[in-house]
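Read through the structure below, which is laid out as structure tokens, and then see the notes.
Computation of the quantities below employed the complete heavy-atom set of this structure, encompassing side-chain atoms and omitting hydrogens, waters and symmetry-equivalent molecules. These numbers come from a predicted model, not from an experiment.
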Amino acid sequence: MDFTREILSFQFGTYANYVGAHFWNQQEANFVYDGSSSQVAEEQLPQNDVLYREGLNDYGQTTYTPRLLSVDLAGNLAHLPIVGELYGNYVQRNEELLPLTTGNHLQKTRQSAEQNNLSTVDQLEVREQPQVPISEYQRDLLKGAIEAGKNYQLADTTRSWADYLYARYHPRTLNVLPDLIRDSNVQALATQAAGKEIWDGDAFNEDFCNRIRQYVEECEGLQGFHILFDIDDGFSGLASKCMEHLNDEYSRVSFVLPLHYPRIPSYNQADPRTAHSIRVVNSVLSYYHLSEQATMFTPLATLETIWRNNTLQSRRMPGLEWKTGNLYQTSAVLAAFMDTMTLSYRLRQTPQSLVRFCENVCPVGRKMTAAAMALPLGMQQEQDLIDYMDHSGDQSLLTQLTPGCEAGTSYVVQSVMARGIPTSRLKRPQETAGPQLRMAAYGCNSVSQMLQLYYQCSFHGSVTNAASTPLPFKTQLPFPYEIFQPNIATDGFKVAGGGERESSTRVESTPVLAALQNSTKLGDHLDNLHTQTHRVQIGKLQSYSQSAVDREEYETALDKLLEFRDNYADQQYL
């Protein structure tokens with residue numbers, strides 16, 4: 001890689017920020033400060049500069065922060081100040097955690113601001129933020145006293161993604177919507193129309209677009225964007241308008257992940273039927289804009305289906321067990337998929353780029369792809385990959401994470417990423433191989449080759465692009481280690497013989513297999529969404545009925561949805 005091919009990331013919405021917090025925590029878990037301490041070769045580590053930016057604060061200290069823009073509601077930042085100390089014009093005081101002399105601390109702040117021409121003498125206003133409850137994990141983190149064996153009960157006590165955020169964001173990152181306060185009972189920003197209205201308003205648009213421009217101007221070779229957004233509410237409108245702006249101004253590739261809440265969201269003054277109609281309209285409008293603006297998009301959810309899922313049936317992964325509606329736990333699963341799948345073009349020596357990655361999985365207009373993952377992989381301790389795949393038979397190795405969607409096993413175009421499987425676990429040495437010698441896969445010399453052969457044999461008429469790295473997925477705090485079942489060992493493999501790991505130990509890392517898939521069967525997902533629109537009477541939805549423009553756009557979106565579905569019509573076309 002001759003120069004850094006940077007990616008700018010966006011997170012629109014509360015759940016998107018839950019997923020993002022886990023994703024950025026994972027990036028920092030993979031940081032290697034001493035090359036000799038890593039058990040993985042340097043070329044198998046992520047190129048952190050793709051997602052991170054380096055800078056200096058006013059004290060000459062090096063900062064290394066995500067190249068990220070996050071949007072959420074007021075109240076979801078919890079203890080975090082909306083800007084950091086980088087420019088010295090704001091200070092959050094917490095005498096218990098930061099035992100600084102208040103007078104000296106404020107004086108340093110004033111001096112720094114005046115020296116950097118951010119205020120004139122005696123005209124700096126210092127505001128004291130009211131005390132905000134802080135999680136026990138964050139309290140220990142600020143003290144530098146995190147205990148690896150301590151049970152912080154984050155699954156039960158987390159009220160905001162800020163409660164478990166280990167990574168530290170740049171002051172430019174956080175954006176709070178004006179005049180909207182978090183409400184734990186209803187979606188404060190309900191409809192896509194409301195999100196678009198905020199984007200078009202001067203209170204948000206000018207500052208946010210300037211922040212995009214500042215990030216882009218810092219890049220040497222910007223290759224594109226990662227965009228996470230909540231599709232069930234008005235943040236979908238913000239994301240749609242942002243994608244339109246990015247295409248108009250920068251013309252770069254975008255990999256978009258629309259996120260469905262793991263529980264049924266509520267909207268102000270909306271009964272369950274009306275709430276369902278709002279979700280359908282938001283999704284139809286989002287799919288319309290995604291089909292027009294995104295390079296590739298992959299809907300994600302831990303629920304099996306989204307539409308009329310009154311029982312909240314959740315996906316189940318062998319080896320995992322999470323609480324269905326828990327934002328902290330479910331977002332960790334989706335973040336694991338994102339982190340693993342994007343390694344395909346983020347490793348230090350990878351020839352892959354984001355644009356090539358998208359092109360490999362999206363033939364001729366099929367911009368929507370399906371996600372699938374095995375977390376953990378399911379291999380037993382001491383088992384070889386060749387035997388694990390041979391014994392899997394017709395059983396799928398992966399669990400779908402795109403709701404109401406199965407890609408099938410015929411005429412599939414897919415990109416597969418495996419991590420955490422050492423080359424030593426590929427097959428046995430020839431002198432002890434025994435029955436393995438008779439398998440065609442014994443001729444494979446890498447994990448990616450064996451995966452390629454496996455899918456070539458198992459998926460009829462399909463095209464698979466496989467990649468791998470021995471780098472495992474780290475599951476230490478603040479990842480929800482409690483979701484692993486007792487039959488998963490500390491290294492993430494299954495305990496041999498049906499046993500259980502010791503109760504005093506936790507899973508520290510795990511192998512993961514992730515895939516992005518495309519096939520004609522994804523048309524069923526689009527058909528299902530269109531079927532739900534027959535129950536929608538948009539004229540009775542107060543949020544949309546007041547605008548003829550919104551109703552006209554909805555009718556256009558329905559027509560475009562059917563046109564987009566035609567891309568998945570040919571049964572045997574790749």
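- For His22 and Tyr328, the ring centers sit closer than 6.0 Å to each other.
- For the ring pair (Phe, Tyr, Trp, His ring centres under 6.0 Å) criterion with Trp24, the lone passing option out of Tyr18, Tyr52, Tyr166 is Tyr52.
- Residues satisfying the ring-ring contact (aromatic ring centres under 6.0 Å, His included) test with Phe473, not counting sequence neighbours, are Phe479.
- A donor-acceptor contact closer than 3.5 angstrom links the side chains of Glu553 and His289.
- Side-chain contact annotation: Asn465 with Gln352, donor-acceptor N/O pair under 3.5 Å absent.
- Under the side-chain hydrogen bond (donor to acceptor under 3.5 Å, both in side chains) criterion, the residue pairs touching residues 251-260 are Asp232-His260, with sequence neighbours excluded.
- If you run side chain to side chain donor-acceptor pair (under 3.5 Å) between Gln187 and each of Thr14, Asp230, Asn268, Asp233, only Asp233 comes through.
- Donor-acceptor pairing under 3.5 Å is lacking for the side chains of Thr302 and Arg315.
- Counting only N and O atoms by type, the side chains of Thr330 and Tyr15 include a donor and acceptor under 3.5 Å apart.
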Practice prompt. Output, in order, the C-alpha distance, side-chain angles, deciding distance and verdict of ring pair (Phe, Tyr, Trp, His ring centres under 6.0 Å) for Tyr288 and Phe564.
Written response: CA-CA 8 Å; Tyr288 163 46; Phe564 183 58; over 10 Å; no
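- Judged by distance alone, the side chains of Thr369 and Thr298 do bring a donor and an acceptor atom under 3.5 Å apart.
- In this structure, Phe10 has its ring center no closer than 6.0 Å to that of His226.
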